[in-house]
Every structure is written in C-alpha cells, then in structure tokens.
Student: 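I have a structure I would like to understand better, so I am pasting it below and will then ask my questions one at a time.
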Amino acid sequence: MKAKVVVLGNEKGGTGKSTLAMHLIVTWLREGKKVATLDLDGRQGTLSRYLDNRRQFALKNNLTLPMPDHIRIANVSNEILFLRTQLERLSRDYDIIVLDTPGADTALTLEALFQADTLVTPINDSLIDLDVLGNVDGETLRVKGPSHYAERIWSVRQKRNLMKKAPLNWIVTRNRLSPFKNKNKQTMEELLTSLSDRVHFKVAGGITERVIFRELFLKGLTMMDLRENGLHMPLSMSSIAARQEVRSLAQMVF
C-alpha cells in the first residue's frame, strides 16, 4: 500500500505547525503505524530540533520512545528532485509520510502541496491569522473572498486536476483556542464555516491553548507520551482533554 502524504502548511509563521506535526506523528506511531517525516524548513528546522530533543531525552533517561524515520532537507542542490526521490523511496515502506513546511511561499512548499494527499493548516484563533485564508469585511464581518493562501491552494488543485491526481483533502484546524467562550471565538467559528464552503476545506475541532505544549518541546515529548513508563509526569484532566483533541484530528487526517 502506498503511504499517505500529509503536509503541515501555512504561509504565516508562528501558527504551531511543527508542534502539531510532532503530536500527530507520535499519535500515529503509538497506534502502530510506520511513519516517516521530512522537514522542509532548511533554515529553521523546528521539527528536526524537536526530534533531536526527543532522542537526547530518551538517551539520558534510558527510555525507548517511538521515533519516525526522519530526513531534513538542507544544503541540497536540487531540493525538488530530492523531495520527489525521497517520497518515492519512502512510500513503499511506510503508512504515513509527514512533511513540515516553512511559513513562506517557496517552490519546495508548492511541490509538497502538489505531492500531498492531505494538507493540514493550523491557524491561531485570531482574525489576523484568518486573513491568510479569506478577506473579511471590517464593517460587516462577512467573508468577501479567498485570500492569498487559499488562492495558492486553488492553483495547486487545478494543477493536480490537470495531472489526473486525486483531489487534495484540506483540513484547517484552529490552534491555541481559548478555553472560554468569547465573541472572537464565536466570530472565528462563523467565518471559518462560511469560508470552508467557498474554498472547500474541512474545519477540525481545534486544539486548546495549554502552556504544557511549549514546555514539552525541550524534552522532545508530546501529550501522547505522558503515560510512558519512567516519565513520572502527572496526567491532569487538562492533559487528558488535550490528548483527545489531538487524537480526533489524527483520526480525521488518517
């Protein structure tokens, strides 16, 4: 069976792509799936550093933590050819291949979108982040039309259609959600629902803001690791809820 290619993508930086990618990766690994990962952000390489932290933490604490087969695309003369070659090689031996992309519109990111089966786009729960997907009227708070990133995805879909490739499954998930009801939260939900009908993406349940997500990075851990023997980390009700949010998204993607 050919591996499913999942891309984490958004032209805006700081939306939590790498953290979300890591949580999805570990979720699938702990479900017994074979996962390969490619970090396409040659300059920042957050996913690669996350995995390095994980490897070092496991070594220091004598733990066996599930790890993907990881490749960082950096200092490669022909990045697009390298990506195509790696995807062809990995697709025969893995269930899922996760690609983490930089927060910029690059030729390599465009190629990743063309090769993807599913695109997962996290956005912070704010109207600023929504602006990459849709233009919103400041007076009426109605969607006027797609913005630059949605238009980019549309062009990718057209190219895929011309090349007889399967339709791209696009999932947008709200990240760093406030645990409390407020006007902004309701407005975001309404606008995303409206926009999803116009530019054809699915809206996932979302991930609530929790400090622990940032704290776990330095250890290379995820919420899905907290029950690992030898960690001695408490599993609070908030952590249990976070694990379920991640699982729900993972199930929606694969």
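All residue numbers in this chain count up from 1 along the given sequence. Remember, predicted model here, so these are calculated numbers, not experimental data.
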Student: Are the side chains of Ser147 and Val132 in contact, using a 4.5 Å heavy-atom criterion?
Tutor: no

Student: Does any part of the side chain of Val6, heavy atoms only, come nearer than 4.5 Å to the side chain of Phe254, both counted from C-beta?
Tutor: no

Student: For Tyr149, is the NZ or CZ atom of Lys12 found under 6.0 angstrom from the centre of its six-membered ring and inside 45 degrees of the ring axis?
Tutor: no

Student: Same cluster or not: Leu191 versus Leu177, using hydrophobic residues (I, L, V, M, F, W, Y) connected whenever any side-chain heavy atoms lie under 4.5 Å apart?
Tutor: no

Student: Got more than 12 heavy atoms from elsewhere within 6.0 Å of CD, Gln251?
Tutor: yes

Student: Strictly distance-based, threshold 3.5 Å: is any side-chain N or O of Arg210 a donor or acceptor partner for the main-chain N or O of Ser239?
Tutor: no

Student: Locate the shortest heavy-atom distance separating Asp131 from Asn135; write the atom from each residue and the value.
Tutor: OD1-OD1, 4.2 Å

Student: Show the nearest heavy-atom pair for residues Thr208 and Glu245, with the distance to one decimal.
Tutor: OG1-OE2, 2.8 Å

Student: Could you please spell out the steps behind the salt bridge (charged side-chain N to carboxylate O under 4.0 Å, His left out) verdict for Arg54 and Asp225?
Tutor: CA-CA 11 Å; Arg54 184 176 182 85; Asp225 296 308; 2.7 Å; yes

Student: Indicate yes or no for a side-chain donor-acceptor contact from Ser91 to the backbone of Leu87 under 3.5 Å, with no hydrogens or angles considered.
Tutor: yes

Student: To the nearest 0.5 Å, how far apart are CD1 in Ile171 and CG in Asn169?
Tutor: 4.5 Å

Student: Measure from the side-chain N and O atoms of Ser194 to the backbone N and O of Glu190, and report whether any donor-acceptor pair falls under 3.5 Å.
Tutor: no

Student: If you look at every heavy atom in Ser18 and Thr46, which pair is closest and at what distance?
Tutor: OG-CB, 3.5 Å

Student: What distance separates Leu40 CG from Glu79 CD, expressed to the nearest 0.5 Å?
Tutor: 8.5 Å

Student: Find out whether Asp125 and Met188 are in side-chain contact, i.e. whether some heavy atom of one side chain is under 4.5 Å from a heavy atom of the other.
Tutor: yes

Student: Quick check: do Met223 and Phe213 have side-chain heavy atoms less than 4.5 Å from each other?
Tutor: yes

Student: Can you check whether Leu83 reaches Val76 side chain to side chain, under 4.5 Å on heavy atoms?
Tutor: no

Student: Any side-chain heavy-atom pair from Leu47 and Arg72 closer than 4.5 angstrom?
Tutor: no

Student: Start with the C-alpha distance between Arg55 and Asp52, add both sets of side-chain angles, then the distance that settles salt bridge (charged side-chain N to carboxylate O under 4.0 Å, His left out), and finish with yes or no.
Tutor: CA-CA 5 Å; Arg55 191 175 294 106; Asp52 285 341; 2.9 Å; yes

Student: Could you give the distance from CZ (Arg30) to CD1 (Ile25), rounded to the nearest 0.5 Å?
Tutor: 13.5 Å

Student: Let me confirm one number: the OG1-CD1 distance from Thr37 to Ile71, rounded to the nearest 0.5 Å.
Tutor: 7.5 Å

Student: Would you say Val246 ends up clustered with Met237 if hydrophobic residues are merged whenever their side chains have heavy atoms under 4.5 Å apart, either directly or through other cluster members?
Tutor: yes

Student: Please indicate whether Arg142 has more than 12 foreign heavy atoms, meaning atoms of other residues, nucleotides or ligands, lying under 6.0 Å from its CZ.
Tutor: no

Student: Can you check whether Lys219 reaches Lys60 side chain to side chain, under 4.5 Å on heavy atoms?
Tutor: no

Student: Let me know which of Asn124, Thr19, Thr15 forms a side-chain hydrogen bond (donor to acceptor under 3.5 Å, both in side chains) with Arg176.
Tutor: Asn124

Student: Quick check against the 3.5 Å criterion: does Asn53 have a side-chain atom that pairs as donor or acceptor with the backbone of Phe217?
Tutor: yes

Student: Quick one: closest heavy-atom pair of Asp117 and Ala3, and the distance?
Tutor: OD2-O, 3.8 Å

Student: Closest heavy-atom contact between Trp28 and Val35?
Tutor: CB-CG2, 3.9 Å

Student: Does any non-hydrogen side-chain atom of Thr121 lie less than 4.5 Å from one of Phe201?
Tutor: no

Student: Can you check whether Val143's main-chain N or O pairs, donor with acceptor, with Arg198's side chain at less than 3.5 Å?
Tutor: yes

Student: Work out which heavy atom in Gln115 is nearest to a heavy atom in Lys165; give both atom names and the distance.
Tutor: OE1-NZ, 4.2 Å

Student: Under the 3.5 angstrom rule, does the side chain of Asn175 hit a backbone N or O of Pro122 as a donor-acceptor pair?
Tutor: no

